[in-house]
Undergrad: 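Quick one: the structure is below, questions incoming.
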Amino acid sequence: MAKLNQIVAVEKGVKSKSFQDITAAHHKVQKPALLAGISRSYQPKDEEGEQLPPESTRVQVKAEDVLRETAASLTRLFDVTATKDWANRTASADVTVDGRTLAADVPVSYLLFLEKQLTDLHTFVKKLPVLDAAESWSLDPSTDWWKTDPVRTIRTKKVPRNHVKAEATEKHPAQVEVYYEDVPIGYWTTVKFSGALPARRVNELLERVEKLQRAVKFAREEANSAEVTDQRVGDAVFGYLFD
């Protein structure tokens, strides 16, 4: 008795061959010259007339034959697909992570859905914002944000100063150069806040997603190992359509 994963494995090849076969059949019946034949003979008016050989062209494609060939090809596709879909109605498995069953008797179709969603979630979690590693962060209970320790910095102001390069004399005024000096006038106390996540938290989330991904794949493989009953739908369908 075949297993579901074996049917799934051959389905793609059967689909491809059926598509090629029906495409070829369509092209055959769209060429009138292949379906046409002729037979003609020549008889002169009298015995002295020119004798010409008979002419004939055989029919190369018979539409009924094309129908039979198409039915045979598509019957295989219909049966393989039916066998898979009938089996999918009953094939299921549990999704278990670290001994904990998250979902029981999950059908194959939903396991495939879960795999796709978890791939997208993995991308989402991997790109979550992470706290700047250059800072030291702690959780502020009053805001539920992450914050840094206060950092105190000096605020300065440029104050002009005079530098006497030469004292005044009876003949010349004093030579004075103006320069600016940074003078402390106050202090800034800065605390940074962030709504990002610690790297540890992001790594934990990634690990959970990856564990669940492995569990879902394992469950799908288990469900796909279920034995199937061959379905014979094609004969009935084409027996009605083309007979």
Side-chain angles (χ1 to χ4, degrees), residues 1-37 58-124 208-243:
M1 191 176 258
K3 295 186 181 295
L4 179 54
N5 53 13
Q6 294 172 319
I7 297 298
V8 171
V10 302
E11 183 188 23
K12 185 176 180 180
V14 172
K15 277 184 178 179
S16 177
K17 184 177 183 305
S18 296
F19 177 76
Q20 292 172 2
D21 289 347
I22 197 165
T23 300
H26 176 73
H27 289 163
K28 278 183 182 179
V29 295
Q30 295 303 310
K31 295 178 180 178
L34 297 179
L35 294 125
R58 294 177 59 83
V59 171
Q60 298 177 61
V61 173
K62 187 179 176 185
E64 282 293 346
D65 291 341
V66 173
L67 286 177
R68 276 193 295 272
E69 292 165 4
T70 301
S73 177
L74 290 180
T75 293
R76 174 64 175 154
L77 173 64
F78 278 40
D79 289 348
V80 166
T81 304
T83 300
K84 182 198 72 173
D85 289 346
W86 257 255
N88 277 339
R89 295 191 306 177
T90 56
S92 64
D94 296 346
V95 177
T96 305
V97 179
D98 294 335
R100 175 184 172 190
T101 299
L102 302 183
D105 293 327
V106 184
V108 173
S109 57
Y110 194 77
L111 290 170
L112 291 170
F113 164 78
L114 276 180
E115 281 193 64
K116 172 64 172 63
Q117 294 301 312
L118 288 171
T119 298
D120 294 342
L121 274 173
H122 188 275
T123 301
F124 170 73
R208 289 186 193 179
V209 173
E210 288 165 1
K211 272 188 177 182
L212 186 52
Q213 283 180 306
R214 290 192 293 270
V216 169
K217 286 180 181 178
F218 180 83
R220 178 170 56 81
E221 290 300 320
E222 185 179 351
N224 278 337
S225 67
E227 292 184 342
V228 299
T229 302
D230 286 340
Q231 302 295 326
R232 293 287 182 264
V233 177
D235 283 342
V237 170
F238 291 102
Y240 165 74
L241 288 175
F242 294 161
D243 271 7

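Positions are given from 1 along the sequence. Every value quoted in this text rests on a predicted model; they were computed, and no experiment measured them.
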Undergrad: Does a side-chain heavy-atom distance below 4.5 Å link Val61 with Lys31?
TA: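 Counting from C-beta outward, Val61 and Lys31 never come under 4.5 Å.
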Undergrad: side-chain contact (heavy atoms from CB on, under 4.5 Å) with His122: which residues, sequence neighbours excluded?
TA: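 For His122 the side-chain contact (heavy atoms from CB on, under 4.5 Å) partners, ignoring immediate neighbours, are Lys126, Leu206, Val209, Glu210, Gln213.
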Undergrad: Before accepting this row, confirm whether a basic side-chain N of the pair Arg89/Asp85 lies closer than 4.0 Å to the acidic partner's carboxylate O.
TA: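 Looking at Arg89 and Asp85, the cut-off is not met.
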Undergrad: Quick test of your reading of the model: are Glu11 and Lys15 salt-bridged, counting only N-O distances below 4.0 Å?
TA: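 Salt bridge flag = yes for Lys15 with Glu11.
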Undergrad: Locate the shortest heavy-atom distance separating Val59 from Gly37; write the atom from each residue and the value.
TA: CG2-N, 3.7 Å
Undergrad: Step through the shown structure and confirm whether more than 12 heavy atoms of other residues, nucleotides or ligands are within 6.0 Å of CD on Glu64.
TA: no
Undergrad: Nearest 0.5 Å, please: how far is CG in Leu118 from CG in Leu212?
TA: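 Going from the CG atom of Leu212 to the CG atom of Leu118 covers 4.5 Å.
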Undergrad: Between Val228 and Ala87, what is the shortest heavy-atom contact and its length?
TA: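 For Val228 and Ala87, the tightest heavy-atom pair comes out as CG1-CB, 3.4 Å.
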Undergrad: Measure across Asp94 and Ala219 and return the closest heavy-atom pair with its distance rounded to 0.1 Å.
TA: O-CB, 3.4 Å
Undergrad: Looking at Tyr110, I'd like to know if its OH atom is crowded, meaning that more than 12 non-hydrogen atoms belonging to other residues, nucleotides or ligands lie closer than 6.0 Å.
TA: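 For Tyr110, atom OH is not crowded (no more than 12 foreign heavy atoms under 6.0 Å).
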Undergrad: Are any non-hydrogen side-chain atoms of Asp79 and Asp235 less than 4.5 angstrom apart?
TA: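 Not in contact.
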Undergrad: Mind checking whether Leu241 and Leu67 have side chains closer than 4.5 Å, heavy atoms only?
TA: no
Undergrad: Would you name the heavy atoms of Ser225 and Asn5 that are closest together and state the gap between them?
TA: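 Distance-wise, the nearest heavy atoms are CA-ND2, 4.1 Å.
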Undergrad: Taking the side chain as every heavy atom from C-beta outward, state whether Asn88 and Lys84 have any pair of such atoms under 4.5 Å apart.
TA: yes
Undergrad: Would you say that more than 12 heavy atoms from the other residues, nucleotides or ligands in this model lie under 6.0 Å from the CD1 of Ile22, or not?
TA: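 No.
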Undergrad: Does Lys217, at its NZ atom, have more than 12 non-hydrogen atoms belonging to other residues, nucleotides or ligands within less than 6.0 Å?
TA: no
Undergrad: To the nearest 0.5 Å, how far apart are CD in Glu227 and CD in Gln6?
TA: 9.5 Å
Undergrad: Charged N to carboxylate O under 4.0 angstrom, Asp65 versus Arg68?
TA: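 A salt bridge is present here (some side-chain N lies under 4.0 Å from a carboxylate O).
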Undergrad: Is there side-chain contact between Ile7 and Val80, with at least one heavy-atom pair below 4.5 Å?
TA: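 Result yes, sub-4.5 Å side-chain heavy-atom pair found.
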Undergrad: Within a 6.0 Å radius of atom CZ on Phe124, are there more than 12 heavy atoms belonging to other residues, nucleotides or ligands?
TA: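 No, the 6.0 Å shell around CZ holds no more than 12 heavy atoms from other groups.
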Undergrad: Is the backbone N or O of Phe78 less than 3.5 Å from a side-chain atom of Thr81, with the two atoms forming a donor-acceptor pair by type?
TA: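 Not a single qualifying donor-acceptor pair exists.
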Undergrad: Any side-chain heavy atom of Asn224 within less than 4.5 Å of one from Val108?
TA: yes
Undergrad: Side chain to side chain contact (heavy atoms under 4.5 Å, CB included), that's the test. Do Val237 and Thr75 meet it? Break it down for me.
TA: CA-CA 8 Å; Val237 170; Thr75 293; over 6 Å; no
Undergrad: Are side-chain heavy atoms of Ser16 and Gln20 found at a separation under 4.5 Å?
TA: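 A side-chain contact under 4.5 Å exists here.
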Undergrad: Side-chain contact test, heavy atoms from C-beta onward, threshold under 4.5 Å: evaluate it for Thr83 versus Thr229 and give yes or no.
TA: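 Of all side-chain heavy-atom pairs linking Thr229 with Thr83, none is under 4.5 Å.
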Undergrad: Of Glu221, Glu222, Arg220, Arg214, which is the lone residue that meets side-chain contact (heavy atoms from CB on, under 4.5 Å) with Phe218?
TA: Glu222
